[in-house]
Amino acid sequence: MSRYNPKEAEPKWQARWKAAGAFTADASGGKPKYYVLEMFPYPSGRIHIGHVRNYAMGDVIARYKKAAGFNVLHPMGWDAFGMPAENAAMQTGSHPRDWTYSNIDIMRGQLKQMGLSIDWSREFATCDPEYYVHQQRLFLAFWKQGFAYRKESLVNWDPVDNTVLANEQVIDGKGWRSGAVVERRKLSQWFLKITDAADDLLAALDDGRMAGWPDNVRTMQRNWIGRSNGLAMKFRFAAATSSEEGADNNAPPPEFEDGIEIFTTRPDTLFGASFIAIAPDHPLATHFAQSDSGLRDFISDCQKLGTSEEAIEKAEKRGYKLQVEMAHPFDDRRLPVYVANFVLMQYGTGAIFGCPSGDQRDLDFARKYRLAIPPVVLPPEADPVTFTIEAEAYVGPGTLFNSGFLDGMTTEDAIAAATAKIEEMGLGKEVTQYRLRDWGVSRQRYWGCPIPAIHCDKCGIVAVPEADLPVKLPAEADFSEPGNPLDRHPTWKHVNCPECGAKARRETDTFDTFVDSSWYFARFAAPDPDKPIDKGAADYWLPVDQYIGGVEHAILHLLYARYFTRMMKACGYLSVDEPFANLFTQGMVVHETYKNPYGGWGPADNVVIEKIKSDSQLRPHDVRTFVLDYATGQKTNIEVQTTSAERLGWMCKAVMDAVEHEYFIDYCEQTAKLSAFVLDRESGSPYIIGPIEKMSKSKKNVVSPEAIAETYGADAARWFMLSDSPPERDVEWTDAGVEGAWKLINRIWDAVSSSEGLLKTVDLNNPAAGDADKPLRQTTHGAIAGITDDIENFRFNKAIARIYEFLNVLKSTSGAGDWARAEALSTLTQLVAPFTPHLAEECWETLGGEGLVCNAPWPKADPGLLARDKIVLGVQVNGKRRSEIEVAADADNAAVEKAALSDAGVKRHIDGKTIRKVVVVPGRIVNIVVS
RNA sequence: GCGGACGUGGUGGAAUUGGUAUACACAACAGACUUAAAAUCUGUCGGGAGUAAUCCCAUGCGGGUUCAAGUCCCGCCGUCCGCACCA
């Protein structure tokens, strides 16, 4: 019996599939369609094991659906524009185009090696002019429809490199390359009006259009859109008191004469207001800064945080008090006005009133600046005399007090009453507000799709005429320095205005790469050389029936794609609102990271693990490390959570010394992360094992599937990535375990290869099975039912466990005849086919199956073989399992109760006690309550 | 900081969605086969007590609801993801 040889079998079957056109999408035959799509990869260089997991999942679904009788579309392409190509160009001098396309070539080869059931005829990269020309067409259509506009917005500006920085390029407020403190700078940029669609994007989350999406993603999008009803109202300036000096300087500018507009969702707490706060980039702050150098310094400090909301919100709450005061609308208090770093200009009106008793941030702020903290909402059951606000604000509902005309009202009533009062006073009105902001699509970079617009001094901003598309990137550009190569290109931007013919300039911004990925699924479904989308084909294939990708895309990519779909529908390209009927978000593949003493990262695939002296079952976080001073006996703990290079160096040294002296390990109930280190295979230099993180090139913790495929074949790699861990959870890559997949492949091959030609000797359509075959047939049909259900519900790890169980039974069963064995083996082959397709074809051929197994219809379970006549029930006494009984599957409760009470193991626990109650849950359990 | 998830043996995890906790696999250990190794096969494998039958404890920690809680509720702790210019 020959051993299964994936090196021969895998290329052979890949060639046969290709020759048979097995995975070419076909809309004919009147079959239902099924569009499976995995988020397409960024061509970073090589496929990593995380990609394999993602695409193996999609492939299981695609192959299963094909077998289940669907016309399947399963395409692949490349999200090919983006910063890494441009960074590589800066570092190595290679052109982004060359870098990208050569990566694509490598990665395409790697994906093909995995034996995915992809229709490669539809492949494209978003950086192909044949793709982005249509993106430019779409944009012009959107612009015409009024979905696109320009406005000023803030960017991170590196004053040394003179370039715009992405948020990820701002590290601790400094530019990653130059180290210069970043500034915020205003640029005029292109925006798409996603806020116009906010209501529908929100409504679709809950009205059934997105029933196939996971709840957590819908919740995240709902929160991201952040619709809230509130009150937009003005606080008027309080008259300057005579004691104030320089009152002239503190006069508000004319546009703010009637006050500062704030937005609040809690107008009921107005009586608890103790200050007004405005954003550092609020026009009023800018105005007062002209005559106040202290304020200028404060604002510029705030701007050093960059533009990311995370950095702003995490920063310590700080404020700068202005010389003006606002009048409280309901009483005669005067409220101080602060410019505060935690107020966001993008949200609401860029100004708030602070109610310290009802908002934690306001409370922290009030404590810091010693402002009043009047409690105004009394929690249910609290005593108004003794109730005080200590460390925590009370944000829940309650009854209003200390609040004038609102006293005694519930939170809900008080919100309505306060809103009505403010409206009556003419100070404001109820408004709906979104957290969602319009989508800024401008990027000041070369490697993106050019925005097809021309700036003319006379005509303003003019669309590039349809006939002049595509606006192609210039073939050559200068990448030797930071900044936008398109802007400094000697010729590219100089064009004549398409309207007046005068000299004009091209738009040098390119599109955000999220634009590229917001419609690729439609292009896959309906390519057309002359139009973005072939409507007929799009109507057949869309929406995507199953979309698969990482949770990290839960908000931005998915929300933008949903919005784009709406815009395309509005412009007549599509007929659907929602692009993805069902969404599955898979977990990431993570790996240990290795840090060297100088703070750099070590390679994950080139290290020898040197476990520190340990007893056999040492767990990584059970260990504490310390250095022992021999003279004093003093132990010094080694801290491991650090990023400082010096500290890491010291640690590494300490560990190395300690290995020699074997003195340094102690079990510890405290968490410590360091238990082992690794050595670089080549240099021998030690690395600390750092945190387990998402695989990324920069951290070098990427594991290549190639090596696995080389040794064990693509099937083993695919099988291993899907076994064990539930698909939605992160999985930590370990080398152990692939061997297990390889063993399984051989066990299946072993089971099948000894029955060569068996399918030719029996007629599976004509059952010839006796009583002796029943146990095996029950197992076979149980496996069909279970595995089908598991695949349908993305429980691949469970499906795989069931395949193991099926195989274990199959191997240990001896009594069954040829017919039942043939049924079991052919079923096994078909059930593993979505997971290990090459092996399955080889098995199918060996067994004598007809044609390709990938074309064979999915097996159906016989319900008659799924039922059991006897079942085993657990019996509990007072909730503790004490015994089990076997009863007929259709036994009634009385019979079950009787059997339970007479069971010896149960009697021991109930004798001499009073039976209070017997709970019989049919088919599940019996619980006897005694006292 | 805000939003979303997750936490079960040495490890990945299963638990029919409130009903026999630890399926299946990895690792480890023991044995068979072998001149030997690899491969393969068989067995053991949460902790503790006991010759054994069996009993006690255990699903991050602390409470609660229930005949019954890994699952539901409240409060903590820890880890991960996203936060609008990474893709």
Side-chain angles (χ1 to χ4, degrees), chain A residues 3 39 41-42 44 79 81-84 155-156 164-170 215-217 219-220 222-224 226 307-315 317 342 346 360-361 364 436-445 512-514 517 550-557 559-560 585 587-588 590 616-619 621 671 691-694 696 698 723-726 728-732 734 736-741 743-744 746-747 750 795 797-798 800-805 808 872-876 878-884 905 908 916-919 921 923-929:
Chain A
R3 212 166 145 77
M39 290 177 186
Y42 178 77
S44 54
D79 189 13
F81 276 134
M83 292 205 309
V155 294
N156 298 307
V164 177
L165 297 177
N167 282 336
E168 72 155 10
Q169 296 172 318
V170 179
D215 289 343
N216 62 330
V217 176
T219 304
M220 281 190 257
R222 195 177 302 118
N223 292 339
W224 185 261
T307 60
S308 100
E309 193 165 305
E310 182 188 3
I312 293 166
E313 296 251 337
K314 269 189 188 160
K317 316 270 167 291
F342 63 92
Q346 302 102 324
Q360 193 60 44
R361 287 187 304 190
D364 295 343
L436 182 70
R437 312 198 290 258
D438 274 341
W439 176 13
V441 294
S442 283
R443 299 291 181 270
Q444 292 70 40
R445 301 187 210 293
D512 175 10
T513 56
F514 277 125
S517 57
V551 241
E552 64 270 28
H553 295 292
I555 295 171
L556 294 179
H557 161 60
L559 196 62
Y560 291 147
T585 51
M588 296 172 306
V590 294
S616 56
Q617 311 216 300
L618 186 65
R619 293 186 312 160
H621 35 271
T671 50
I692 291 167
E693 298 196 42
K694 174 170 147 182
S696 75
S698 60
S723 58
D724 291 351
S725 286
E728 69 278 8
R729 206 181 291 183
D730 288 354
V731 56
E732 185 191 346
T734 54
V738 201
E739 291 261 359
K743 272 194 229 170
L744 173 103
N746 283 296
R747 287 178 65 205
D750 188 44
R795 294 185 297 242
N797 56 324
K798 285 178 67 183
I800 281 177
R802 282 189 214 269
I803 289 170
Y804 276 110
E805 281 171 339
N808 288 344
V872 175
L873 292 184
V875 183
Q876 298 177 333
N878 284 347
K880 285 195 172 175
R881 182 187 164 278
R882 294 300 182 185
S883 186
E884 53 184 37
R908 202 175 29 242
R916 297 285 174 206
K917 191 173 177 183
V918 179
V919 182
V921 183
R924 295 278 161 81
I925 204 166
V926 181
N927 190 11
I928 300 162
V929 186

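Please read these numbers as outputs of a predicted model, since none were measured by experiment. Atom set for the values below is all heavy atoms of this structure, side chains included, hydrogens, waters and symmetry mates excluded.
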- Query: Side chain of Arg882(A): nearest nucleotide among A25(B), C56(B), A23(B)?
  - Reply: C56(B)

- Item | Asn746(A) CG - U40(B) P separation (whole Å) | 7 Å

- Task: Just compare A87(B), C85(B), G4(B) and give me whichever is closest to any side-chain atom of Phe514(A).
- Result: A87(B)

- Please give, in whole Å, the distance from C6(B) C1' to Glu552(A) CD? 16 Å

- Walking RNA chain B from its 5' end, the first of Gln360(A) and Val872(A) to be reached, judged by nearest nucleotide, is Gln360(A)

- Nearest nucleotide by nearest heavy atom, which residue falls closer to the 5' end of RNA chain B, Thr307(A) or Gly905(A)? Gly905(A)

- Message: For a quick test of reading the model: is some side-chain N or O of Arg729(A) closer than 4.0 Å to OP1 or OP2 of G13(B)?
- Response: yes

- Message: Does a side-chain N or O of Arg881(A) approach OP1 or OP2 of C56(B) to a distance below 4.0 Å, or not?
- Response: no

- Item | Nucleotide of C85(B), A84(B), G4(B) approaching Leu436(A) most closely (side-chain heavy atoms) | A84(B)

- Starting at CD of Glu168(A) and ending at C1' of A84(B), how long is that distance when rounded to a whole Å? 14 Å

- Query: Between Arg443(A) (CZ) and C86(B) (C1'), how many Å, whole number?
  - Reply: 10 Å

Interface polar pairs with nucleotides 42-53 of chain B, N/O, under 3.5 angstrom:
none

- Could you tell me whether Lys317(A) contacts a base, only the sugar-phosphate backbone, or nothing, with contacts defined as non-hydrogen atoms closer than 4.0 Å? nothing

- Message: Taking only side-chain N and O atoms of Lys743(A), does any of them lie within less than 4.0 angstrom of OP1 or OP2 on A38(B)?
- Response: no

- Using atom CZ of Arg916(A) as one end and atom P of U66(B) as the other, report the distance to the nearest whole Å. 17 Å

- Note on the structure: To the nearest angstrom, the CD-P distance between Gln444(A) and C86(B) comes to 12 Å

- Item | Side chain of Ser308(A) (C-beta onward), nearest among C85(B), A84(B), G82(B) | A84(B)

- Conformer about C1'-N of G82(B) - syn within 90° of 0, anti elsewhere: anti

- Whole Å only: how far is the CG atom of Asn223(A) from the C1' atom of A84(B)? 15 Å

- Task: Report yes if a side-chain nitrogen or oxygen of Asn167(A) is closer than 4.0 Å to either non-bridging phosphate oxygen (OP1 or OP2) of A84(B); otherwise report no.
- Result: yes

- Answer yes or no: does a side-chain N or O of Lys798(A) lie under 4.0 Å from OP1 or OP2 of A15(B)? yes

- Query: Where the side chain of Asn808(A) is defined as all heavy atoms beyond and including C-beta, which of A25(B), C67(B), G4(B) is the nearest nucleotide?
  - Reply: A25(B)

- Message: From C-beta outward on Glu884(A), which listed nucleotide comes closest to its side chain: C24(B), G19(B), U20(B)?
- Response: U20(B)

- Query: Syn or anti for U71(B), taking syn as within 90° of 0?
  - Reply: anti

- Exactly one candidate in Glu313(A), Lys314(A), Arg361(A) meets side chain to side chain contact (heavy atoms under 4.5 Å, CB included) with Phe342(A); the answer is Arg361(A)

- Query: Whole Å only: how far is the CD atom of Glu309(A) from the P atom of C85(B)?
  - Reply: 11 Å

- Message: Check this one for me: any side-chain N or O of Ser725(A) less than 4.0 Å away from OP1 or OP2 of G12(B)?
- Response: no

